[in-house]
Amino acid sequence: MTVQLGDVAPDFSADTTEGKINFHQWLGDRWGVLFSHPKDFTPVCTTELGEVARLKPEFDKRGVAVIGLSVDPVESHRAWASDIAETQGHALNFPVIGDPEHRVADLYGMIHPNANDTLTVRSVFIIDPAKKVRLTITYPANVGRNFKEILRVIDALQLGDRYQISTPANWEDGDDVIIATTVTNEEARQRFPKGFKELKPYLRVTPQPNK
Ligand code: BEZ
């Protein structure tokens, strides 16, 4: 199955390092990041899980629940956890799904047979509180992800939902943002009291509203 932007994130029950969960119930009204890694006891994956553990307070601040997954069973994740803590300096502080039967991996299209027909690739899904998929990305096995980029996208999505704005190329928190084309100039004057610059009728920029 392919999961696309705007789809309702498929629900499932699964075994995790923190016990059995029902995914939608576990998310509740939080945002979610579901990410897969290929295999336990592998180098890139070890650094990635340590990095997500390090950044967990940043996800918490944004009301985002993070959960990992690989096709190894939960007992293997638990055995690997001490290596992650030892080598990365950050112990696992979020659940990791064990998916030896590929039930969740198949539901989300996390196995790309032409890359590897048994292991999950590095997929990321950002899911909003309405359970809609808002971002999908896929990295190959030999390239570790930049989880600060995932946080940047979450900031942009949350800001966009709140203020009807978009974010330009390379936007970082605090930079100017773009007013949606559906907002008239008159509405923009009310909504963005710091003012805006009209570079083109379709390209109007304003200081980030919540700064
Ligand atoms: C790794 O995490 O280092 C890795 C996992 C599977 C294939 C290649 C690399």
Side-chain angles (χ1 to χ4, degrees), residues 1-5 7 9-10 12-21 23 26-27 30-60 62 64-127 133-155:
M1 186 166 157
T2 314
V3 174
Q4 298 185 323
L5 298 188
D7 291 353
F12 57 83
S13 296
D15 212 8
T16 82
T17 48
E18 297 185 4
K20 238 189 167 39
I21 62 154
F23 186 50
W26 176 80
L27 283 171
R30 299 177 294 180
W31 287 71
V33 171
L34 168 64
F35 69 100
S36 57
H37 61 269
K39 196 159 178 54
D40 297 357
F41 298 100
T42 52
V44 177
C45 300
T46 301
T47 63
E48 285 194 325
L49 269 70
E51 176 64 359
V52 175
R54 188 183 74 80
L55 290 173
K56 174 81 167 17
E58 292 298 322
F59 287 104
D60 289 343
R62 293 159 174 83
V64 181
V66 287
I67 189 163
L69 175 149
S70 86
V71 296
D72 289 315
V74 158
E75 309 80 70
S76 162
H77 297 339
R78 290 205 180 107
W80 180 37
S82 55
D83 289 0
I84 296 169
E86 180 193 325
T87 63
Q88 306 305 305
H90 294 277
L92 275 187
N93 50 11
F94 57 90
V96 181
I97 298 166
D99 194 31
E101 289 163 5
H102 303 179
R103 283 189 310 111
V104 181
D106 287 345
L107 205 54
Y108 278 80
M110 292 166 167
I111 293 179
H112 295 201
N114 292 327
N116 188 302
D117 56 6
T118 53
L119 303 182
T120 34
V121 291
R122 297 188 197 280
S123 300
V124 184
F125 300 90
I126 296 180
I127 297 159
V133 174
R134 301 290 296 274
L135 165 138
T136 68
I137 50 177
T138 307
Y139 275 52
N142 63 334
V143 180
R145 284 160 284 200
N146 182 340
F147 287 94
K148 287 193 186 146
E149 166 63 2
I150 311 295
L151 286 167
R152 190 190 74 90
V153 177
I154 290 166
D155 284 342

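As the structure is a computational prediction, the values presented were derived from the model and not from experiment. Numbers here are sequence positions counted from 1. When a ligand or atom number is given, it counts from 1 through the structure's own listing order.
- The residue from L119, T47, T42, V143 that puts a heavy atom closest to atom 5 (C) of ligand 1 is T42.
- Residue R122 places at least one N or O, backbone or side chain, under 3.5 Å from an N or O of ligand 1.
- Of the heavy atoms in P38, only side-chain atoms (C-beta onward) come closer than 4.0 Å to ligand 1.
- Judged by distance alone, with hydrogens and angles left aside, the side-chain atoms of S36 form a donor-acceptor pair with the main-chain N or O of V121 at under 3.5 Å.
- Nearest protein heavy-atom neighbour of atom 7 (C) of ligand 1: A141 CB, 3.6 Å.
- Residue contact check: C45 has heavy atoms under 4.0 Å from atoms 1 (C), 2 (O) of ligand 1.
- Closest protein heavy atom to atom 3 (O) of ligand 1: V44 N, 2.8 Å.
- For an aromatic pair to be called close, the ring centres must be under 6.0 Å apart, and F147 with F35 satisfies this.
- Listed for the R122 side chain is no donor-acceptor partner under 3.5 Å among the backbone atoms of H37.
- Across every non-hydrogen atom of E18 and P95, the tightest pair is OE2-N, 3.5 Å.
- For the side-chain contact (heavy atoms from CB on, under 4.5 Å) criterion with W80, the lone passing option out of V96, D72, L49 is L49.
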